[in-house]
Amino acid sequence: MGEASERLDEGVAGLLELIGGPTGPPSLETMRTRPPIVAELKGPPEPVDHVADLSIDGPGGDLGLRLYRPRCAEPPPLLVYMHGGGWVVGDLDIQDGLCRALANRTGCALLSVDYRLAPEHPFPAAVEDSWAALEWAAANGAGLDADPQRLGVAGDSAGGNLAAVTALRARDRGSPSLGVCAMLCPITDCRTDDRSMIEMAEGYFLTRERMEWYWDQYAPAGVDRTSPELSPLRAELAGLAPAVVVTAGLDPLRDQGVEFASACAAAGVDSVLVHRAGTIHGFLGFQAALPCSRGALDEVAGLIARRLVTGA
């Protein structure tokens, strides 16, 4: 492992041992193969009141969406969600359990986006799909028995990057109005040489090598990775929707997540940082294996709910 200064939280060492470390350089085949143990560590998916798969016209053709509605007496707020996976891995199933848990705990309808993946569809395909889904949700939320006047975005890892970018677009284009932008262990900058990226370069689930590989697939040579639509940490953040940022102490992306929350606060944005020391990238998804993830998810859901459900 790297020379991390933090102690592993309860359960994290065992989880890392079960998952195993990277073997050989990253490749599409290895990265898109999901070890069965990962599903067990995530735990059984929670029941929700209603789940429906949808398809809309997207920038690249049919764009898949999945709607999760919790049990509620009136149309709930609507949260558009982008999954993680380094812009290269994932679909509507990869974070199905996390989406269900978020819907139940926030009291929001959640619309998960099956955006196009790199390298077959490099930047800006994922951004354009995420934006199309947000615009569609704003225009059609009432037909989903949700309240599009209480709209937010959220995402994990690369999905957190896409959530931030779509929130910046919404601000710059004047609509739709967003009540929250929730980013879970997000990618906010293209750099791979800050302290946490070096300190946790290997041995903690996400590695520096894999992060560099993800960038090469999503934004290959010739693409300006410092663009705010790739590195939202470099954007002018004033006027952004209220931000909820989650970081993990043993995540190579820790420092850029902390900096994004700090930059939001410095720009006058309502910003909350939820940090958990001693745990790893993507820890919120391992509900069955990590006790720390359950409390953190409740906290994050409460913060989202206060901004969308109660308007606080």
Side-chain angles (χ1 to χ4, degrees), residues 56-61 63-65 77-87 90 108-118 121-141 146-184 186-190 215 218-219 223-245 256-257 259-261 263-271 304 307-308:
I56 66 171
D57 291 333
L63 176 58
L65 307 172
L78 185 56
L79 191 65
V80 177
Y81 182 86
M82 278 67 73
H83 66 76
W87 307 285
C108 296
L110 187 147
L111 194 67
S112 182
V113 184
D114 193 16
Y115 56 85
R116 288 170 290 168
L117 300 176
H121 305 283
F123 173 82
V127 173
E128 298 297 347
D129 285 354
S130 301
W131 177 250
L134 178 61
E135 286 195 305
W136 185 88
N140 297 276
D147 182 0
Q149 299 304 310
R150 294 184 293 164
L151 185 64
V153 291
D156 172 70
S157 190
N161 173 279
L162 295 171
V165 170
T166 54
L168 286 168
R169 276 199 179 187
R171 179 203 63 185
D172 293 344
R173 300 183 184 188
S175 69
S177 177
L178 299 178
V180 71
C181 176
M183 294 155 281
L184 319 178
I187 302 168
T188 68
D189 194 71
C190 61
W215 275 109
Y218 182 55
V223 175
D224 179 11
R225 296 180 183 176
T226 65
S227 162
E229 293 220 322
L230 281 161
S231 296
L233 180 58
R234 302 179 187 234
E236 169 53 56
L237 297 174
L240 189 70
V244 176
V245 183
Q256 56 182 263
E259 286 184 32
F260 190 86
C264 283
V269 175
D270 170 10
S271 176
I304 294 172
R307 284 154 179 79
L308 284 183

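Computed over heavy atoms, backbone and side chain alike; hydrogens, waters and symmetry mates excluded. What you are looking at is a predicted structure, and each value in this text was computed from that prediction instead of being measured.
Minimum interatomic distance between A263 and L237 (heavy atoms only, all atoms of both residues): CB-CD1, 3.6 Å. Contact between L240 and R171 at its shortest, heavy atoms only, is N-CD, 3.9 Å. Listed here is the closest heavy atom pair of A126 and Y115: CB-CD1, 3.6 Å. Between A163 and M183 the shortest heavy-atom distance is CB-CG, 4.5 Å. The two residues A138 and P176 have their closest heavy-atom pair at CB-CB, 3.8 Å. Here the closest non-hydrogen pair linking A109 and A146 is CB-CB, 4.1 Å.
Side-chain atoms of T188 come within 3.5 Å of backbone N or O of Q256 as a donor-acceptor pair.
Taken to the nearest 0.5 Å, the CZ atom of R307 stands 11.5 Å off from the SG atom of C181. Atom-to-atom distance recorded for L162:CG and I187:CD1 is 8.5 Å, nearest 0.5 angstrom. In this structure, CG in D189 is found 4.0 Å from CZ in R234, a value given to the nearest 0.5 Å. One finds the CG atom of L110 at 8.0 Å from the CG atom of L78 (value rounded to the nearest 0.5 Å). The line from CG of L178 to OG1 of T166 is 7.0 Å long, rounded to the nearest 0.5 Å. Taken to the nearest 0.5 Å, the OG atom of S175 stands 7.0 Å off from the CD atom of E135.
Looking at V244 and L184, their side chains never come closer than 4.5 Å, going by heavy atoms from C-beta outward. Between W131 and E229 the shortest side-chain heavy-atom distance does not fall below 4.5 Å. Looking at heavy atoms from C-beta onward, L65 lies out of side-chain contact with D114 at the 4.5 angstrom threshold. Side-chain contact between P232 and L168 is present, with at least one heavy-atom pair separated by less than 4.5 Å. A 4.5 Å side-chain heavy-atom check between V80 and L151 finds at least one atom pair inside the cut-off. In this structure, C190 and L230 have side chains that are not in contact, with every pair of non-hydrogen atoms separated by 4.5 Å or more.
Applying the side-chain hydrogen bond (donor to acceptor under 3.5 Å, both in side chains) definition to pairs two or more places apart or across chains, those involving residues 152-163 are Q95-D156, S157-H281. The stretch residues 121-134 participates, sequence neighbours left out, in these salt bridge (charged side-chain N to carboxylate O under 4.0 Å, His left out) pairs: R116-D129, E128-R169.
Aromatic ring pairs are classed by plane angle as parallel below 30°, tilted from 30° to 60° and perpendicular above 60°; the pair Y218 and F123 is perpendicular.
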